[in-house]
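Let me begin by presenting the structure, written as structure tokens, before commenting on it.
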Amino acid sequence: MADELLTAEHLVKRFDDNTVLDDVSLSVKKGEVIVVVGPSGCGKSTLLRCLNALEPIQGGKITLDGEAVVYGSKNLAAIRQKIGMVFQSYDLFPHLSVLDNILLAPVKAQKRKKDEAAAEAMKLLERVGLADKAKSFPRQLSGGQKQRVAIVRALCMHPVMMLFDEVTAALDPEMVREVLDVMLNLAKQGMTMIIVTHEMQFAKAIADRVVFLENGEIIEDTDPNTFFEHPQTERAKQFLNIFSFERSKKDEKN
Amino acid sequence: MNWDFIWKYLPMYGEAALLTVKIGLAGIGIAIPVGFFCAVIQYFKVALLRRIVSVYIEISRNTPLLIQLFFIYYALPKIGIPTNPSVCGVAGLAFLGGSYMAEAFRSGLEAVETVQMESALSLGLKRGQALLYVILPQAVSVSVPAFVANIIFLLKETSVFSAVSLMDLMFTAKDLIGQYYKTTESLFMLVVFYMIILLPVSILGSVLERRVRRAGFGS
Ligand SMILES: Nc1ncnc2c1ncn2[C@@H]1O[C@H](COP(=O)(O)OP(=O)(O)OP(=O)(O)O)[C@@H](O)[C@H]1O
Ligand SMILES: [Mg+2]
């Protein structure tokens, strides 16, 4: 169990009477890429938000790298520096340039030298093809560019793992690819990731493990081949059918 | 219109205007940090303090300044806290203004999408840092119009200071009317001096508003 980076044990999350996560346990090994899928409203975003304590939990325990992740605790900011998170809605800071967006946390939270952090930021921007946008403001960028900057911003903190919550869901189709490619590259470099996505082809390509969540419970937790080709549960089959139906409809049109 | 009369009492009005401005600025100067503090407590939903703040805001917003002043002026000495007209004026204005400023700041803070705070936190910034570097700069543009309106409103409210025998503009005007029955001249000067105080504030305010509205980041 030594290589377990993040573990969540018996998580329970309720909003008032509404139980959104019901005894969810999940562990992520170093370098592992986990894709979480499931119908809308099943608790995927809530799960990710609980993992870095943006939401308080009503039961269970979360451990990152041996340290307990506790909502409201004193060392939470330090723990969150180790977990990069990218949201579905574009979350760049609109009043700051791309470069300042990236530098804010390294300089203010990690007290790093601005020059050194800027050099790294530029290198990362270059890697995602956005070095020329360093001085731009978020509203001058396309959705896909914004999300790539958001990923760079998280990476510049040197996180030990990344959380992605449907980062391409709000994008025009032609911009989806450029963002997914960045994530595929990260996976190749060995980044530990938990990814929530509705892009099934992408999930198949990137996942080491697929977790199927429904009604706040993990119904399947298996390798991508098994999940997509031989789903064990009726509910997973139904869920996957939605996507194949969409595909066959498109086929007919073409 | 008796211009000699106006000329003669002009310095007296000048002094009264200065007093009005001084007390007004002092009161507003305290109201701004009080309002900011209250708004931040409400924004972060700080337990207990948040209750106290909302009780304060309700009391402050739903009672006239005149009554707040009377309370400070006549009631506080009865429980052993001495006051004088100036302190009373500053305290009254700060008490009233604090709640109005709190509402102005709060609406600005709440206008910033919650994902902004969340992404700042998930980058590992502390809440105070997130507030300072991420939320406040975005909240300002929403808060400015209400902020400017509050300053003008509070400066106008200074006209009730005379009730606690502060020798402000209103007091001076009433005094002259009482002594010489020169109602027209006295009121004329009162209006002129209030305009002299408020007009620059209004103009400055609308310049500021236009500035922040045009500060569409990166345009
Ligand atoms: N802040 C909140 N207050 C109350 N209920 C909430 C809150 N956030 C989420 N919920 C509820 O929790 C449930 C799970 O929401 P969540 O956003 O985690 O779903 P999801 O799986 O991410 O869905 P989607 O695929 O649409 O993003 C939903 O029923 C939602 O209404
Ligand atoms: Mg979601």
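Worth saying up front: this structure is predicted, and the values here are computed from it rather than measured. Below, read A as the first sequence line, B as the second, and so on, with proteins coming before strands; counting in each chain starts at 1.
In this structure, the side chain to side chain donor-acceptor pair (under 3.5 Å) partners of A:Asp91, at least two apart in sequence or on a different chain, are A:Arg153. Considering only residues two or more places apart in sequence or on other chains, A:Gln88 meets the side chain to side chain donor-acceptor pair (under 3.5 Å) condition with none of them.
Contacts of A:Ile83 with chain B are made by backbone atoms alone, with heavy-atom separations under 4.5 Å and no side-chain atom involved. B:Ala120 touches chain A through backbone and side chain together, each having a heavy atom under 4.5 Å away. Residue contact with chain A, scored on non-hydrogen atoms closer than 4.5 Å, involves the side chain of B:Gln129 exclusively. Only the backbone of A:Leu92 has a heavy atom closer than 4.5 Å to any heavy atom of chain B.
Contact detail for A:Gln81 and B:Gly124: the closest heavy-atom pair is NE2-O, 3.4 Å. Residue A:His95 comes nearest to B:Tyr133 through the heavy atom pair NE2-O, 2.8 Å, listed as atom of the first residue, atom of the second, then distance.
B:Phe71 CZ: 12 or fewer foreign heavy atoms inside a 6.0 Å radius. Surrounding CD of B:Glu15 are at most 12 heavy atoms belonging to other residues, nucleotides or ligands under 6.0 Å away. Summarising the local packing, CE of A:Met122 is surrounded by more than 12 heavy atoms from other residues, nucleotides or ligands at distances under 6.0 Å. Around the CZ atom of B:Arg51, the shell of radius 6.0 Å holds no more than 12 heavy atoms that belong to other residues, nucleotides or ligands. Within 6.0 Å of atom CZ in B:Phe44, more than 12 heavy atoms from other residues, nucleotides or ligands are found, so the atom counts as buried in its surroundings. For B:Lys174, the NZ atom counts as densely surrounded, since its 6.0 Å shell holds more than 12 non-hydrogen atoms of other residues, nucleotides or ligands.
One distance of note links CG of A:Leu51 with OG of B:Ser122; it measures 12.5 Å at 0.5 Å rounding. A distance of 11.5 Å separates CZ in A:Arg80 from NZ in B:Lys126, rounded to the nearest 0.5 Å. Going from atom CD of B:Glu118 over to atom CD of A:Glu55 covers 7.0 Å, rounded to the nearest 0.5 Å.
Annotation: side chain of B:Leu123 is in contact with side chain of A:Phe93 (closest heavy-atom distance under 4.5 Å). Counting heavy atoms from C-beta outward, A:Leu104 and B:Leu125 have side chains that approach closer than 4.5 Å.
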